[in-house]
J.: 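Quick one: the structure is below, and I'll ask about it shortly.
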Amino acid sequence: MTKVKTRRLVLTYMFAVFMSILFLFPFLWMTTTSFKTADQVYDNPMQIIPNPFDFSPYQRLFTENNFGQYLWNTVYVTVLTLIGVILSSSVVAFGFSYFRFPKKELLFKILLGTMMLPAQVTMIPQYILFDKLGWIGSFKPLIIPTFFGGTWVIFLLRQFFDTIPREYSEAAKIDGANEWTIFTKIYLPLAKAPISTSVLFVFMWTWTDFMNPLIYLTDDKMYTLSIALQRISSGARSTDWPLMMAGSLVMALPIVILFFSAQKTFINGASMSGLKG
Amino acid sequence: MRKMILVLLIMSVAVISFCAKEVVFWNAWGGDEGKALDSIIDRYNKSQSKVYVRSVYVPIGMGEKIMTTLSGSTTPDVITVWDWMVVPLGYRGQIVPMNDRLAKAGITSSDYIKGVWEYGTYKGKKYGLPTTLNVSAFMWNKNAFKEVGLNPDVPPKTIKELDEFTDKLNKYDKKGALKRLGFDPVISHIYCYVFGGQLWDPATNEITANHQKNIEAYEWLSSYYKKVDLQKKRIFQAGWGDLFSSLNPFLRGEIAMKEGSQWEILIAKKYGKSTFDYGISNFPAPQGGRNDVCNVSGSFWVIPTASKNQDEAFEFLTWLTADKQAAEFAAALYNIPPKIKSLEDNAFKTIVDDKMKIYIDMLMNGYVYTFPMLPIGQAYLTELTQALMDVQLGNKTAKEALDYVQERINQELKNYK
């Protein structure tokens, strides 16, 4: 390796390290603040490492602030949403990709058109609908609609299914496979990467969703983490920053873990489904 | 068999009559304020067995949940809303007027601080009860005054003095970057009243956007746009920290004079350095203007029309807004209770110091006003803000801009007769 090449490599790494520190700093601040006492938060000059370490914000989070319950509610809604969205969307995406039927493309465009509707426009009609069904104040409006497909996931999976050579399914058909077998034995196993991408995105959206739980839940024992966090922060004149940061960390951690553990699959999925050039 | 049925019937009637009715209350406060309100509510629940109030935390935000819920059939019994939401909700029939119930309960305007009773009222219908009051006053940094040779104990009394002080207090570094802003008027409608104008005429029930004094106020406000280079000001303000922290720009001396509410006393106590010294007074006013203007804002408790327990909800609200409870809650929020007797309650007195006294004095003896409560109050505010921007950018004169607002809002109001 020439000297110029080595120097360039060193500079690139230095730049990458610098940028990583820059992006990691808020996360680091959040983590260390969650172990500080209230007095240490505004220390000037700022102290990164808490002295002394205070674990009481986490204790208060799960005792006084009932975070265990909120965490369970969030896990419950997120897991069922994931099951609902992935199961239903993959079937719909397969239908759009595999079958030939009249006005297929028009129907698909209408489906995509629903993505263009801002949530604010459909919020009240949807609320009235769920109200008439008697679902307000339960998890039903958050979970049941997800079993009717998610447009974004349908789009993503159809893009991928379209790239699967038709020969695979034709060969399977000769061997006696029906459409369901083709879907479950050929399409789904091949779609691991785009499904992982979908899982990651749907997980992030549901885990951090604030508006839907806020609108449909009426009992604060059923609240999800995002509303619980808002509750801590909305004591504007007396915000308990260590508590707030402890809550934020509890909320952010699953997303971070999921992202890093599924990073490879996620990037593969994104490039295979045409999301990445 | 008959006897058994009779016994069962009597038992079920007894059970039903002894069961407390549940009143669902949307509490908009989190943190310590929320806990304070919940403990007051707990006391109510323990004090009687007829009604059980279930407090649910629901942030108001921009009213997304409130507007959506009120369009359905399942609503809570008491909701906390911002003041600007009260009349639009009342006009649409989504919340109930309280006049008859208030009269029956013997609650009258004389219980409330002057000018506050009309707050939340439109065309004689009173749609809600104010939770606590938020009052704006003029604040100045005494340390900054000393630094530029001004008497730290004497705030500007006139608009002319305010302009002179601002010029003195604006501070730049050697490179010409802004280091301190003298004054920056933010709540522009305050100055319409300070100049002697008004935005609404309660006598004729008409808006008065293009009142001559409002035009003068707008001309003066736009002069502040030219005092400091806009780009420099934006760069400077981008570095300002959170208001609820020691990075608060007023506490750090980054702005020398400002509009400030009574809860900022607590912020200064909590986050200000021991050397930080500041004063509070009425707003400076021009000759012929008002030197006792007191702007009031806040939130309300309202009862949805779809509530099935309106009487119980009102009974609870009567208790919650009674002198003692109002005093306790105002103290927890560092706000001012809306009722006269609450001001004398020991619970509130715990937070009354010399600085808080200035706010109370302004409220009791000043010219109290709230932003006009109209079915299209927010649209009026948006138009006024746009008008000010037009004047500042030189697109329109103050008269042209406010004439346009007058015409536009009046036209719109015709749909709300």
Side-chain angles (χ1 to χ4, degrees), chain A residues 33 38-46 60 64-66 70 119-138 141 210-224 226-241 243-244 247, chain B residues 22 24-38 54-76 80 134 241-248 251-252 261-273 306 332-335 351:
Chain A
T33 304
D39 301 336
Q40 291 178 59
V41 176
Y42 290 111
D43 268 354
N44 197 3
M46 189 174 77
R60 276 182 287 137
E64 289 167 31
N65 293 281
N66 208 14
Y70 301 135
Q120 292 86 341
V121 175
T122 53
M123 200 159 81
I124 291 182
Q126 228 169 35
Y127 183 89
I128 295 171
L129 175 75
F130 294 139
D131 183 35
K132 286 194 172 149
L133 289 169
W135 289 2
I136 302 300
S138 73
F210 176 75
M211 198 48 78
N212 287 308
L214 175 72
I215 287 172
Y216 297 121
L217 301 176
T218 52
D219 183 346
D220 46 13
K221 286 188 190 77
M222 295 175 83
Y223 279 173
T224 53
S226 50
I227 308 177
L229 211 55
Q230 160 83 11
R231 184 180 202 158
I232 297 174
S233 72
S234 76
R237 281 147 223 179
S238 55
T239 301
D240 186 338
W241 286 108
L243 185 70
M244 172 86 182
Chain B
E22 186 180 77
V24 179
F25 172 81
W26 280 6
N27 173 0
W29 290 271
D32 290 342
E33 292 97 328
K35 282 176 192 158
L37 183 55
D38 280 346
R54 181 160 63 87
S55 168
V56 181
Y57 167 68
V58 176
I60 311 179
M62 289 307 288
E64 299 88 343
K65 176 159 174 121
I66 292 163
M67 309 282 183
T68 319
T69 302
L70 291 180
S71 62
S73 61
T74 322
T75 65
T80 314
N134 202 27
D242 185 11
L243 216 60
F244 306 103
S245 74
S246 56
L247 303 176
N248 179 313
L251 304 184
R252 283 167 63 94
S261 297
Q262 75 294 323
W263 50 264
E264 293 183 50
I265 302 171
L266 178 67
I267 303 294
K269 270 185 195 164
K270 249 178 131 170
Y271 302 114
K273 284 183 183 165
L333 257 64
Y334 235 82
N335 280 1
I351 64 158

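Just so it is clear: chains get the letters A, B, ... in the order the sequence lines come, proteins before strands, and each one is counted from 1.
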J.: Do B/Q262 and B/N134 touch side chain to side chain, with heavy atoms closer than 4.5 Å?
T.: yes
J.: So for A/M211, is it side chain, backbone, both, or neither that comes closer than 4.5 Å to the heavy atoms of chain B?
T.: side chain
J.: Which atoms of A/L243 are under 4.5 Å from chain B, going by heavy atoms: the side chain, the backbone, both sets, or neither?
T.: neither
J.: Any heavy-atom pair between the side chains of A/N65 and A/R231 that's under 4.5 Å?
T.: no
J.: Sort A/F130 into side chain, backbone, both or neither according to what part of it lies under 4.5 angstrom from a heavy atom of chain B.
T.: neither
J.: State the CD1-OG distance between B/I267 and B/S245, to the nearest 0.5 angstrom.
T.: 8.5 Å
J.: When you look at NZ of B/K269, are more than 12 heavy atoms from neighbouring residues, nucleotides or ligands closer to it than 6.0 Å?
T.: yes
J.: Is the backbone of B/W26 close enough, under 3.5 Å, to the side chain of B/T80 for a donor and an acceptor to pair up by distance?
T.: yes
J.: Determine whether A/Y70 and A/T224 make a side-chain contact, defined as any pair of heavy atoms from C-beta on separated by less than 4.5 Å.
T.: no
J.: Chain B contacts: which residues in residues 120-129 of chain A have a non-hydrogen atom closer than 4.5 Å to it?
T.: A/M123, A/I124, A/Y127, A/I128
J.: Tell me if a side-chain donor or acceptor on B/E64 pairs with a main-chain N or O of B/M62 at a distance below 3.5 Å.
T.: yes
